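Below: one structure, written as structure tokens.
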Amino acid sequence: MRREDRILQLVLQNAEEGVTAQQAASELGIWRNDASVELNRLVEKGILYREGKKNVRFFPVKETRAEEAPTADAGTKAVSFSQPADSGLNEDAFSKLVGSNGSLKHQISIAKAAVTYPPHGLNMLITGPTGIGKTTFARTVWEYANEIHAFGCNDREVPFVHFNCAEYAENPQLLQSILFGSRKGAFTGSVADRPGLVEDADGGILFLDEIHCLSGTSQELFFTLLDTGYFRRVGETSRREAHFMLIGATTRPISNTTLIDTFVRRMPVLLQLPTLS
């Protein structure tokens with residue numbers, strides 16, 4: 001993970017109280033000057049804002065601070081931080097969730113910052129027991145992305161592709177072809193060229209439920225795609241390109257899953273939803 005992403009993740013995890021450059025340096029094991037440079041660069045991009053004169057603290061930009069947010073650097077796709085004009089009393093898609101002003105307030109604040117991170121959002125991993133509302137939360141992230149016209153989708157709906165990896169956990173080759181697509185004749189039963197879900201999600205959000213069911217090979221293909229934006233359909237030699245925000249959900253603690261560390265590190269936002277109790 002890039003140093004900038006590590007620092008942003010730290011700020012997102014401490015969204016309410018903010019983070020100082022010294023705190024970032026201490027927790028990430030880097031020089032204070034380097035932490036300060038990265039934090040101020042994120043401010044220049046309009047992703048963070050700072051408060052105070054001594055012991056300056058950095059916070060994620062929220063939609064209510066849209067007018068104060070600087071324009072993104074040249075070469076970086078600008079993202080709107082504003083809410084729709086008819087949003088009423090500062091309501092948005094997250095307002096409908098039970099606990100939006102209570103037990104989910106911290107998670108929602110982080111999710112909003114993740115969606116607005118240019119150009120394609122920050123990948124997110126949601127954990128929690130069955131029935132806790134992980135799918136509902138992911139769909140709400142998508143609804144919010146549409147409200148703020150995230151990922152440059154100003155004149156179209158943000159794509160949202162939902163797939164449960166557990167359905168094909170016993171057939172990793174078929175699961176891989178569903179995700180990445182396949183070329184005609186790549187395997188028995190492949191009678192035509194077929195696009196994969198990563199192509200359908202291009203420019204939007206790919207939500208993989210029970211993501212721990214991905215095989216090691218599929219995870220390796222994913223972290224290559226997330227790093228470079230390129231992938232190959234099963235049986236193809238030519239590269240294809242896709243860019244999207246990946247949201248994964250799992251009912252298992254991260255330490256007890258089969259997820260590879262290099263894959264998990266490419267999902268810098270980790271959200272644990274509170275239990276129903």
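Keep in mind it's a predicted model, so treat the numbers as computed, not measured.
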Is there a donor-acceptor pair under 3.5 Å between the side chain of Glu241 and the backbone N or O of Gly229?
no
I'd like to know if the side chain of Trp142 reaches the main chain of Ile205, judged simply by a donor and an acceptor atom lying under 3.5 Å from each other, with no hydrogens or angles considered.
no
Is there a side-chain contact between Pro60 and Ile47 (heavy atoms, below 4.5 Å)?
no
Expected output: side-chain Asn146 to main-chain Glu157 donor-acceptor under 3.5 Å
no
Would you call Arg41 and Glu38 a salt bridge, using N to O less than 4.0 angstrom?
yes
Ring centers of Phe207, Phe163 separated by less than 6.0 Å:
no
When hydrophobic residues are tied together by side-chain contacts of less than 4.5 Å, even through go-betweens, does Val37 share a cluster with Phe59?
no
If only atom types and distance count, is the side chain of Asp202 paired as donor or acceptor with the main-chain N or O of Val198 below 3.5 Å?
no
Ring centre gap for Phe223 and Phe263 strictly below 6.0 Å
no
Are Leu208 and Val161 packed together at the side-chain level, in the sense that at least one heavy-atom pair is separated by less than 4.5 angstrom?
no
Proximity of Phe151 and Phe244 rings by center, below 6.0 Å:
no
Quick one: closest heavy-atom pair of Ala114 and Met245, and the distance?
CB-CE, 4.3 Å
Test your reading of the model: is there a side-chain donor-acceptor pair from Asn40 to the backbone of Ser36, 3.5 Å cut-off?
yes
Selection residues 121-132 - residue pairs positive for side chain to side chain donor-acceptor pair (under 3.5 Å), sequence neighbours left out
none
So how far is it from Asn164 CG to Thr135 OG1, rounded to the nearest 0.5 Å?
8.0 Å
Taking the side chain as every heavy atom from C-beta outward, state whether Leu206 and Leu246 have any pair of such atoms under 4.5 Å apart.
yes
Decide yes or no for Leu10 and Asn14: does some side-chain heavy atom of the first lie under 4.5 Å from some side-chain heavy atom of the second?
yes
Stepwise side chain to side chain contact (heavy atoms under 4.5 Å, CB included) test for Tyr117 and Val269
CA-CA 11 Å; Tyr117 186 80; Val269 177; over 6 Å; no
Could you check whether Lys134 pairs with Asp209 (Lys NZ or Arg NE/NH1/NH2 to Asp/Glu carboxylate O, under 4.0 Å)?
no
Could you tell me whether the side chain of Glu147 and the main chain of Ala93 form a donor-acceptor pair under 3.5 Å?
yes
Just checking, Arg239 and Tyr230: is the charged tip under 6.0 Å from the six-membered ring centre and within 45° of the axis?
yes
Check whether any side-chain heavy atom of Leu122 sits under 4.5 Å from a side-chain heavy atom of Leu12, and report yes or no.
yes
For a side chain to side chain contact (heavy atoms under 4.5 Å, CB included) check, start with the C-alpha distance between Met267 and Met124, then their side-chain angles and the critical distance, and finish with the verdict.
CA-CA 5 Å; Met267 305 184 76; Met124 182 186 306; 5.7 Å; no
Nearest 0.5 Å, please: how far is NZ in Lys105 from CG in Leu97?
14.5 Å
May I ask you to decide if Glu17's main-chain N or O and Arg57's side chain share a donor-acceptor pair within less than 3.5 Å?
yes
Nearest non-hydrogen partners of Gln176 and Ser218, listed with the distance
CB-OG, 3.8 Å
In Å and rounded to the nearest 0.5 Å, what is the CD to OG distance from Gln13 to Ser109?
12.0 Å
As an exercise, state the distance from OG of Ser177 to OH of Tyr168, rounded to the nearest 0.5 Å.
9.0 Å
Can you tell me how far OG of Ser95 sits from CG of Asn101, rounded to the nearest 0.5 angstrom?
7.0 Å
Identify whether the distance between the nearest side-chain nitrogen and carboxylate oxygen of Lys96 and Glu143 falls below 4.0 Å.
yes
For Ala24, is there any backbone N or O sitting under 3.5 Å from a side-chain donor or acceptor partner on Glu27?
no
Would a distance-only check, ignoring hydrogens and angles, find a side-chain to backbone donor-acceptor pair under 3.5 Å from Gln219 to Leu214?
yes
With the side chain counted from C-beta on, respond yes when Thr251 and His212 share a heavy-atom pair under 4.5 Å apart, and no when they do not.
yes
Verify, without hydrogens or angle tests, whether Gln107 (side chain) and Leu271 (backbone) share a donor-acceptor contact under 3.5 angstrom.
no
Closest heavy-atom pair, Gly204 versus Val158, reported as atoms and distance to 0.1 Å, is CA-CG1, 3.7 Å
Least distance between heavy atoms, Phe94 atom then Ala111 atom:
CZ-CB, 4.1 Å
Apply side chain to side chain contact (heavy atoms under 4.5 Å, CB included) to Glu51 and Val56, showing your working.
CA-CA 6 Å; Glu51 286 188 354; Val56 178; over 6 Å; no
Quick check on Asn171: does its CG atom have over 12 non-hydrogen neighbours (other residues, nucleotides or ligands) under 6.0 Å away?
yes
Verify whether one side chain among Glu220 and Thr224 offers a donor that lies under 3.5 Å from an acceptor in the other.
no
In terms of heavy-atom contacts, does CD of Gln272 have more than 12 from other residues, nucleotides or ligands at under 6.0 Å?
no
Begin with the C-alpha distance, continue with both residues' side-chain angles, and end with the deciding distance and a verdict on ring-ring contact (aromatic ring centres under 6.0 Å, His included) for Tyr49 and Phe58.
CA-CA 6 Å; Tyr49 68 93; Phe58 294 82; 9.3 Å; no
Are any of the side-chain heavy atoms of Asp200 and Pro159 separated by less than 4.5 Å?
no
Under the criterion side chain to side chain contact (heavy atoms under 4.5 Å, CB included), I'd like the reasoning laid out for Ile108 against Ser100: C-alpha separation, chi angles, the key distance, then a yes or no.
CA-CA 7 Å; Ile108 289 173; Ser100 60; 3.7 Å; yes
Please confirm whether the ring centroid of Phe231 lies under 6.0 Å from the ring centroid of Phe222.
no
Stepwise side-chain hydrogen bond (donor to acceptor under 3.5 Å, both in side chains) test for Ser26 and Gln22
CA-CA 6 Å; Ser26 299; Gln22 184 59 57; 3.2 Å; yes
Electrostatic pair Lys112:Asp92 at N-O distance under 4.0 angstrom:
yes
Of all the heavy-atom pairs spanning Ser182 and Arg233, show the shortest one and how long it is.
N-CB, 3.8 Å
Joint cluster assignment, Leu276 & Leu104, ILVMFWY side-chain distance < 4.5 Å
yes
How many angstroms lie between atom CD1 of Ile110 and atom CD of Glu16, to the nearest 0.5 angstrom?
8.5 Å
Determine whether Leu197 and Phe180 make a side-chain contact, defined as any pair of heavy atoms from C-beta on separated by less than 4.5 Å.
no
